[in-house]
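All chains are named by letter (A, B, ...) in the order of the sequence lines, taking the proteins before the strands, and each is independently numbered beginning at 1. Since the model is a prediction, treat every value here as computed from it, not as a measurement.
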Amino acid sequence: MLEPFFARSAAAVARDLIGARLFVGAAGGIIVETEAYDRSDPASHSFRGPTRRNASMFGPGGHLYVYFTYGMHWCANVVCGEEGEGVGVLMRALEPVAGLELMRAARPKAKTDRDLCRGPARLAQAFGITGADDGDDLRRGRIRVLDDGMEPPRAPHTGPRIGISEAVHEPWRWHVAGSRYVSK
DNA sequence: TAAAAGATCCCCT
DNA sequence: GGGGATCTTTTAT
């Protein structure tokens, strides 16, 4: 049985992931920027249907979809919806709150703590997320999403996506207004 | 079998 | 603000 939190549209999950926490061992942070992707979005990996790469995106919600891009970067998504829907939320930025020394060690390029998790590939690097984690259960695995007991609360805001001409009104991109940890 | 683009980041100026 | 790095996946031939 799919958890209600994940059994919704990508836009709804993207909104409610703002303020939630992502933890990998002792390292963790508050999610401050997300972007939703579903099959109606030409920019989505699932737009043209299931392939070998995006298989986990078509799996059941509550799992991780990790992909490799630009020949060097990993990015992590929260899969949502029922199996076969091809819906997910890219985690674009985190405000680091725990285990910062672990993230600094994993990201020697980051000159300041602001750069530890600002951007999807930086975030993945800070937590050591790679293709080996693709498909993992976000409630039981190494990588966990904690969406209850948010302290302090972070209000989600949305706005038009940058660089997209179609369906700019869709609430696909969410962020914490004014956060210095938002990537854009 | 080839070609192009990519849910990006980093360093330079 | 701009370009290079670097290679997988997908789509076309």
Could you go step by step and tell me if A:R154 and A:E95 meet the salt bridge (Lys or Arg N to Asp or Glu O under 4.0 Å) rule? CA-CA 11 Å; A:R154 299 292 195 281; A:E95 174 184 332; 3.0 Å; yes

Has A:K111 got a side-chain N or O lying under 4.0 Å from the OP1 or OP2 atom of B:dC10? no

When you check the phosphate oxygens OP1 and OP2 of B:dA7, does a side-chain N or O of A:R173 lie under 4.0 Å from one of them? no

From A:R39 CZ over to A:F47 CZ, what is the distance, rounded to the nearest 0.5 angstrom? 9.0 Å

Let me know the distance between CH2 of A:W174 and C1' of B:dA7, rounded to the nearest Å. 19 Å

note: A:L123, atom CG; B:dC9, atom P; distance rounded to Å ~ 9 Å

What is the distance, rounded to the nearest whole Å, between atom CG of A:D115 and atom P of B:dC9? 10 Å

Rounded to the nearest Å, what distance is computed from the CZ atom of residue A:F47 to the C1' atom of nucleotide B:dA7? 15 Å

From CD of A:Q125 over to P of B:dC9, roughly how many Å is that when rounded to an integer? 10 Å

With a 4.0 Å cutoff (strictly under), does any side-chain N or O of A:R107 reach OP1 or OP2 of B:dC10? yes

Look at the aromatic rings of A:H45 and A:Y67 and report parallel, tilted or perpendicular, splitting at 30° and 60°. perpendicular

Identify which nucleotide among B:dC9, B:dC10, B:dA7 has an atom closest to any side-chain atom of A:A121, counting heavy atoms from C-beta outward. B:dC9

Annotated structure of DNA chain B as dot-bracket, pair cut-off 3.5 Å, Watson-Crick or G-U only, | for inter-strand, is ||||||.|||||.

When you check the phosphate oxygens OP1 and OP2 of B:dA7, does a side-chain N or O of A:H45 lie under 4.0 Å from one of them? yes

Under a 4.0 Å heavy-atom cutoff, the residues of residues 53-69 of chain A touching DNA chain C are A:R53, A:F68

Tell me: CE of A:M72 to C1' of B:dA7, nearest whole Å? 15 Å

Which pair of heavy atoms, one from A:A10 and one from A:V87, lies closest together, and at what distance? CB-CG1, 3.2 Å

Could you say whether the aromatic ring of A:Y70 and the base of B:dG6 stack, counting only centre distances under 5.5 Å and plane angles under 30°? yes

Roughly, in whole Å, what's the span from CZ in A:R39 to C1' in B:dA7? 17 Å

A:R122 and A:C117, any side-chain heavy atoms less than 4.5 Å apart: no

Closest to the A:R48 side chain, choosing from C:dA5, C:dT10, B:dT8: C:dT10

So how far is it from A:C80 SG to A:H63 NE2, rounded to the nearest 0.5 Å? 12.0 Å

Counting only pairs under 3.5 Å, give me each side-chain donor-acceptor contact of residues 125-139 of chain A, with atom names and distances, residues two or more places apart or in other chains.
{"from": "A:Q125", "atom 1": "OE1", "to": "A:R107", "atom 2": "NH1", "distance (Å)": "2.7"}
{"from": "A:T130", "atom 1": "OG1", "to": "A:A132", "atom 2": "N", "distance (Å)": "3.2"}
{"from": "A:D133", "atom 1": "OD1", "to": "A:R142", "atom 2": "NE", "distance (Å)": "3.3"}
{"from": "A:D133", "atom 1": "OD1", "to": "A:R142", "atom 2": "NH2", "distance (Å)": "3.3"}
{"from": "A:D133", "atom 1": "OD2", "to": "A:T130", "atom 2": "N", "distance (Å)": "3.0"}
{"from": "A:D133", "atom 1": "OD2", "to": "A:R142", "atom 2": "NH2", "distance (Å)": "3.1"}
{"from": "A:D134", "atom 1": "OD1", "to": "A:S56", "atom 2": "OG", "distance (Å)": "2.6"}
{"from": "A:D134", "atom 1": "OD1", "to": "A:V66", "atom 2": "N", "distance (Å)": "2.9"}
{"from": "A:D134", "atom 1": "OD2", "to": "A:S56", "atom 2": "OG", "distance (Å)": "3.4"}
{"from": "A:D137", "atom 1": "OD1", "to": "A:R139", "atom 2": "N", "distance (Å)": "2.8"}
{"from": "A:D137", "atom 1": "OD1", "to": "A:R140", "atom 2": "N", "distance (Å)": "3.4"}
{"from": "A:R139", "atom 1": "NE", "to": "A:E3", "atom 2": "OE1", "distance (Å)": "3.0"}
{"from": "A:R139", "atom 1": "NE", "to": "A:E3", "atom 2": "OE2", "distance (Å)": "2.8"}
{"from": "A:R139", "atom 1": "NH1", "to": "A:V145", "atom 2": "O", "distance (Å)": "2.6"}
{"from": "A:R139", "atom 1": "NH1", "to": "A:D147", "atom 2": "OD1", "distance (Å)": "2.8"}
{"from": "A:R139", "atom 1": "NH2", "to": "A:E3", "atom 2": "OE1", "distance (Å)": "2.8"}
{"from": "A:R139", "atom 1": "NH2", "to": "A:D147", "atom 2": "OD1", "distance (Å)": "2.6"}

Minimum heavy-atom distance A:V32-A:Y181, with the two atoms named: CG2-O, 3.9 Å

Please give me the minimum heavy-atom distance between A:G28 and A:M103, naming the atom from each residue. O-CE, 3.4 Å

Please state how far atom NE2 in A:H73 lies from atom C1' in B:dA5, giving the value in whole angstrom units. 15 Å

Assess the residue pair A:R118 and A:E33 against the criterion (salt bridge (Lys or Arg N to Asp or Glu O under 4.0 Å)); give the C-alpha distance rounded to whole Å, side-chain angles, the decisive distance to 0.1 Å, and a yes or no. CA-CA 9 Å; A:R118 195 178 95 244; A:E33 185 181 358; over 6 Å; no

